[in-house]
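So the structure is just underneath, and the comments pick up after that.
Atoms considered below: every heavy atom in the structure, side chains included; atoms not considered: hydrogens, waters and symmetry mates.
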Amino acid sequence: MASESSPCLTSNPMADAFSNYADYLNHLNDKRERVVKASRDITVNSKKVIFQVHRVSRICRGCNFCRTGSLLKLAEINAALLPLSGSSVEPFQINVLDYIPGLADLTGELMRLAMGRICDRELEYAKKICRFVQDTRIPSYPY
């Protein structure tokens with residue numbers, strides 16, 4: 001009895017081409033998924049950095065108020081951040097669009113601090129905070 005190849009075991013050019021194309025598409029999808037994941041990781045880390053910059057900016061302004069009773073100007077914050085830039089192409093700076101909302105955050109924090117001082121019966125310090133917040137205006141000096 002002569003052995004004939006089974007149709008299932010023979011090489012089918014159409015199936016081979018389909019298999020090659022499927023492998024190519026799977027490889028392409030894997031690459032795309034790695035790029036998408038890397039992009040998401042970059043976005044998450046960027047948001048973390050932005051959050052920390054806002055936090056550092058708010059802390060700097062809050063500490064400056066507690067020490068001097070005055071508001072840090074945008075130029076002063078950027079001068080303090082300059083050493084953190086390292087050897088990057090662009091220096092690490094805060095723009096006015098970050099400064100103004102940070103100023104709003106600071107006034108909210110100061111009002112909470114004033115309420116705490118009132119609860120501790122430190123009324124003069126609370127009045128000082130209140131006057132400072134009332135006098136806080138968007139600076140009219142060049143940024």
Side-chain angles (χ1 to χ4, degrees), residues 4-143:
E4 292 185 31
S5 297
S6 164
C8 293
L9 297 177
T10 60
S11 177
N12 182 343
M14 183 66 88
D16 291 343
F18 180 79
S19 179
N20 289 339
Y21 189 62
D23 289 343
Y24 172 76
L25 287 177
N26 286 336
H27 178 70
L28 205 59
N29 278 336
D30 289 344
K31 269 178 130 174
R32 187 184 72 72
E33 286 178 19
R34 285 193 303 270
V35 168
V36 167
K37 183 180 181 330
S39 173
R40 286 183 184 144
D41 290 346
I42 289 169
T43 300
V44 166
N45 289 327
S46 296
K47 287 181 179 183
K48 287 179 182 178
V49 167
I50 290 167
F51 174 77
Q52 290 301 325
V53 167
H54 284 268
R55 187 172 178 203
V56 166
S57 172
R58 187 173 58 197
I59 289 170
C60 287
R61 286 189 294 249
C63 288
N64 188 67
F65 170 78
C66 290
R67 279 184 295 148
T68 67
S70 65
L71 180 65
L72 268 176
K73 295 177 181 173
L74 180 59
E76 294 170 318
I77 293 171
N78 283 332
L81 291 174
L82 204 51
L84 300 176
S85 298
S87 61
S88 65
V89 176
E90 271 189 53
F92 188 60
Q93 302 285 280
I94 293 176
N95 63 31
V96 71
L97 297 176
D98 292 325
Y99 180 78
I100 301 299
L103 187 57
D105 285 346
L106 175 66
T107 57
E109 294 294 330
L110 290 174
M111 292 311 289
R112 281 188 279 285
L113 178 61
M115 294 303 295
R117 297 298 180 173
I118 290 170
C119 290
D120 293 341
R121 299 196 186 280
E122 297 178 33
L123 299 180
E124 286 307 310
Y125 195 73
K127 286 178 186 177
K128 179 181 176 184
I129 294 170
C130 191
R131 278 191 302 274
F132 174 79
V133 171
Q134 288 172 342
D135 292 341
T136 300
R137 303 279 186 269
I138 296 176
S140 58
Y141 55 86
Y143 300 102

**Request:** Would you confirm whether Thr43, through its side chain, and Ser39, through its main-chain N or O, come within 3.5 Å as a donor-acceptor pair?
**Result:**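 At least one qualifying donor-acceptor pair exists.
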**Asked** Counting N and O atoms only, with roles assigned by atom type, does the side chain of Asn95 sit under 3.5 Å from a partner on the main chain of Leu97, one being a donor and the other an acceptor?
**Response**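 Confirmed, Asn95 side chain pairs with Leu97 backbone.
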**Prompt:** Quick one: does Phe18's side chain get under 4.5 Å of Asn12's, heavy atoms only?
**Reply:**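 No, their side chains stay 4.5 Å or more apart.
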Which value, rounded to the nearest 0.5 Å, describes the distance between [X] atom [atom1] and [Y] atom [atom2]?
X	Y	atom1	atom2	answer
Asn78	Glu76	CG	CD	10.5 Å
Lys37	Arg34	NZ	CZ	12.0 Å
Leu113	Ile118	CG	CD1	10.0 Å
Leu28	Glu33	CG	CD	10.5 Å
Gln134	Lys127	CD	NZ	12.0 Å
Glu124	Glu122	CD	CD	11.0 Å

**Request:** For Tyr99 and Ile94, work out which heavy atoms get closest and say how close.
**Result:**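 What the structure gives for the nearest pair is N-CG2, 3.9 Å.
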**Message:** Show the nearest heavy-atom pair for residues Ala114 and Ala126, with the distance to one decimal.
**Reply:**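 Closest pair (atom of Ala114, atom of Ala126, distance): O-CB, 3.7 Å.
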**Prompt:** What residues form a salt bridge (charged side-chain N to carboxylate O under 4.0 Å, His left out) with Lys128, not counting sequence neighbours?
**Reply:**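 With neighbours one apart ignored, the set is empty.
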**Message:** Checking Lys48 against Val44 for the side chain to side chain contact (heavy atoms under 4.5 Å, CB included) test, could you report, in this order, the C-alpha distance in whole Å, the side-chain angles of both residues, the deciding distance, and whether it holds?
**Reply:** CA-CA 6 Å; Lys48 287 179 182 178; Val44 166; 3.8 Å; yes
**Option from Val35, Asp30, Val36 for which side-chain contact (heavy atoms from CB on, under 4.5 Å) with Arg32 holds** =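 Among the candidates, only Val36 passes.
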**Message:** Going by the rule side chain to side chain donor-acceptor pair (under 3.5 Å), which residues pair with Arg131 if we only count those two or more places apart in sequence or in a different chain?
**Reply:**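 Arg131 satisfies side chain to side chain donor-acceptor pair (under 3.5 Å) with no other residue.
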